[in-house]
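First up is the structure itself, then whatever we jot down about it.
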Amino acid sequence: MNDRVKKIEWLKKERDAVILAHYYVDGAVQEIADFVGDSYYLSKMAALIQHQTILLCGVRFMGESVKILSPMKTVIMPDLSADCPMAHMVDEKTIRRAREEFDDLAVVCYINSTAEIKALSDVCVTSSNAQKIIEALPQKNILFVPDKNLGSYIASLVPDKNFIFHEGHCPVHNRISKMGIQKVMRDYPEARILVHPECTAEVIEMADYVGSTSGIIDFAEKSTDKDFVVCTEQGIVYQLERNNPHKRFHFTEDIPVCQDMKMITLDKIEHALLAMENKIELDESLRNKAKGALERMHEIAR
């Protein structure tokens, strides 16, 4: 254990802090985290954890989600400017227009959204629970925001609902291409293709497995195959290789990297705990409005 990690461990005890990290942050950050997971897992764990301070290693919407569900806890981030472009690809006007146009409408927002959008939504979903939640909704019409790729994939699994899509997308997953996968497959023709549903439809069509980051990790661990083409952010490789030391994981030529997730470093973690800066603060009225969509997600998913 190096000096910086020792300092972080000491600061955690001093601040009564726990570190939550997303699979997309750097492997060194995942290594020192107390809990590592996808957005759904982290939001669930944050509500259960007894520590007074939560250090969220991810992007801003994740920190907001934790604060919404745990208002009495201090929620800090290593870098408040680490953000998710997709979370800002939908606005209030889009939602209000849909509510006026469609009867029997449920506004379903991907958890990768701002607190303001959650406050206007009926329920949140993640890539791991979206199908289950939407199937359970009584409404026929579903406005799915902001990710059109994920929404379109879920629509193919729930054909009895009428989906209205928005043009939002994850820039990292949207760049993963069919051609890039084909290039990798020339060298590893027996590889299984594992795809996150934030990818485009043509990439999803090539998949042997489609699922969330945690789903991809679980599939690779259970599979007897040795080679995998992984179509999601490359930070996931830390967990994949740790859990499967004798398997090989390949990415497309244009390796998918979320620059915002990579803004989270050990230096910034140490500073955030030392200074107790970069706190997530939400207006109480906004927090209460946004809480309903997150709580309903956890209730239905349970």
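A salt bridge links R60 with E64; the closest basic N to acidic carboxylate O contact falls under 4.0 Å. Taking a cutoff of 4.0 Å between a charged side-chain nitrogen and a carboxylate oxygen, K12 and E9 qualify as a salt bridge. Here D103 does not pair with K140 in a salt bridge; the nearest charged N to carboxylate O distance is not below 4.0 Å. Using a cutoff of 4.0 Å between basic side-chain nitrogens and carboxylate oxygens, R287 and E284 are scored as salt-bridged. By the 4.0 Å N-to-carboxylate-O rule, K7 lies close enough to E270 to be salt-bridged with it. Between D122 and R99 there is a salt bridge, since a side-chain N of the basic residue sits under 4.0 Å from a carboxylate O of the acidic one.
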Please walk me through it: do E198 and M86 pass side chain to side chain contact (heavy atoms under 4.5 Å, CB included)? CA-CA 11 Å; E198 287 181 20; M86 177 168 60; 4.1 Å; yes
Apply salt bridge (Lys or Arg N to Asp or Glu O under 4.0 Å) to the pair E101 and R97, showing each step before the final yes or no. CA-CA 6 Å; E101 186 176 348; R97 190 185 307 125; over 6 Å; no
Could you walk me through whether K178 and E202 pass the salt bridge (Lys or Arg N to Asp or Glu O under 4.0 Å) check? CA-CA 7 Å; K178 180 177 179 178; E202 70 169 12; 5.3 Å; no
Given side chain to side chain contact (heavy atoms under 4.5 Å, CB included), test V107 with L120 step by step and report yes or no. CA-CA 8 Å; V107 177; L120 296 170; 6.0 Å; no
Walk me through it: do L294 and I111 pass the test side chain to side chain contact (heavy atoms under 4.5 Å, CB included)? CA-CA 8 Å; L294 279 169; I111 199 169; 4.1 Å; yes
List the steps and the verdict of side chain to side chain contact (heavy atoms under 4.5 Å, CB included) for C170 and E233. CA-CA 10 Å; C170 167; E233 211 277 347; over 6 Å; no
Please evaluate residues K247 and D225 with respect to the criterion salt bridge (Lys or Arg N to Asp or Glu O under 4.0 Å), reporting the C-alpha separation (whole Å), side-chain torsions for both, the decisive distance (0.1 Å), and the verdict. CA-CA 8 Å; K247 297 178 182 180; D225 292 278; over 6 Å; no
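At a threshold of 4.5 Å between non-hydrogen side-chain atoms, the residues M89 and H169 count as touching. By the 4.5 Å heavy-atom criterion applied to side chains, K268 and M263 are counted as neighbours. The side-chain heavy atoms of V66 and L42, taken from C-beta on, include no pair separated by under 4.5 Å. Counting heavy atoms from C-beta outward, M297 and S43 have side chains that approach closer than 4.5 Å. S212 has its side chain out of reach of T126: every pair of non-hydrogen atoms, C-beta onward, lies at least 4.5 Å apart. Counting only heavy atoms from C-beta outward, the side chains of V108 and I133 never approach each other to under 4.5 Å. Inter-residue side-chain proximity for N149 and V203 is flagged as unmet; no heavy-atom pair is nearer than 4.5 Å. The shortest distance between side-chain heavy atoms of R175 and P256 does not fall below 4.5 Å.
To the nearest 0.5 Å, the span separating NE2 on H250 from OH on Y188 amounts to 4.5 Å. Atoms CG and CD1, on D38 and I217 in that order, are 8.0 Å from each other to the nearest 0.5 Å. Here the CG atom belonging to L274 is positioned 10.5 Å from the CD atom belonging to E14, to the nearest 0.5 angstrom. Summarising the geometry, atom CG belonging to D16 is positioned 13.0 Å from atom CG belonging to L11; distances are rounded to the nearest 0.5 Å. Interatomic distance, CD1 of I204 versus CG of L150, reported as 8.0 Å (0.5 Å rounding). Note that the CD1 atom of I164 and the CG atom of N141 stand 5.0 Å from one another [nearest 0.5 Å].
The minimum heavy-atom distance between P197 and Y153, with the atom names listed, is CB-CD2, 3.6 Å. Residues I8 and I32 approach most closely at CG2-CD1, 4.4 Å, considering heavy atoms. Taking every heavy atom of both residues into account, C124 and K118 meet most closely at SG-CG, 3.6 Å. Here the shortest heavy-atom pairing between S81 and D260 reads O-OD1, 3.6 Å. Between H22 and M62 the shortest heavy-atom distance is CD2-CE, 3.2 Å. The minimum heavy-atom distance between A207 and V210, with the atom names listed, is CB-CG2, 3.5 Å.
Connection of V158 to I142 is established within a shared hydrophobic cluster, with ILVMFWY side chains joined at heavy-atom distances below 4.5 Å, either directly or through further cluster members. F251 is connected to F219 through a chain of hydrophobic side-chain contacts under 4.5 Å among Ile, Leu, Val, Met, Phe, Trp and Tyr, so both are in one cluster. Linking Ile, Leu, Val, Met, Phe, Trp and Tyr whenever their side-chain heavy atoms come within less than 4.5 Å puts V230 and I181 in one cluster. Linking Ile, Leu, Val, Met, Phe, Trp and Tyr whenever their side-chain heavy atoms come within less than 4.5 Å leaves V125 and I117 in two separate clusters. Cluster membership check: I269 does not share its hydrophobic cluster with Y238, using side-chain heavy-atom separations under 4.5 Å among Ile, Leu, Val, Met, Phe, Trp and Tyr.
Within the 3.5 Å criterion, the main-chain N or O of T94 finds a donor-acceptor partner in the side chain of D91. Here the side chain of E295 pairs no donor or acceptor atom with the backbone of A293 at under 3.5 angstrom. In this structure, N278 contributes its side chain and P78 its backbone to a donor-acceptor pair below 3.5 Å. Of the possible polar contacts, none joining the Q30 side chain to the A21 backbone as a donor-acceptor pair under 3.5 Å is found.
Under the 3.5 Å distance criterion, with hydrogens and angles disregarded, no donor-acceptor pair is assigned to the side chains of D254 and T252. Y24 and T232 form a side-chain donor-acceptor contact under 3.5 Å, judged by distance and modelled atom types alone. Checked by atom type, the side-chain pair H88/D83 shows a donor-acceptor distance below 3.5 Å.
Between H173 and H196, the ring-plane angle classifies as tilted under the 30° and 60° cut-offs. F163 and F144 have tilted rings, their planes meeting at an angle from 30° to 60° on a 0 to 90° scale.
Other residues, nucleotides and ligands contribute only 12 or fewer heavy atoms inside 6.0 Å of the NZ atom of K289.
A centroid separation of less than 6.0 Å is found between the aromatic rings of F249 and F228.
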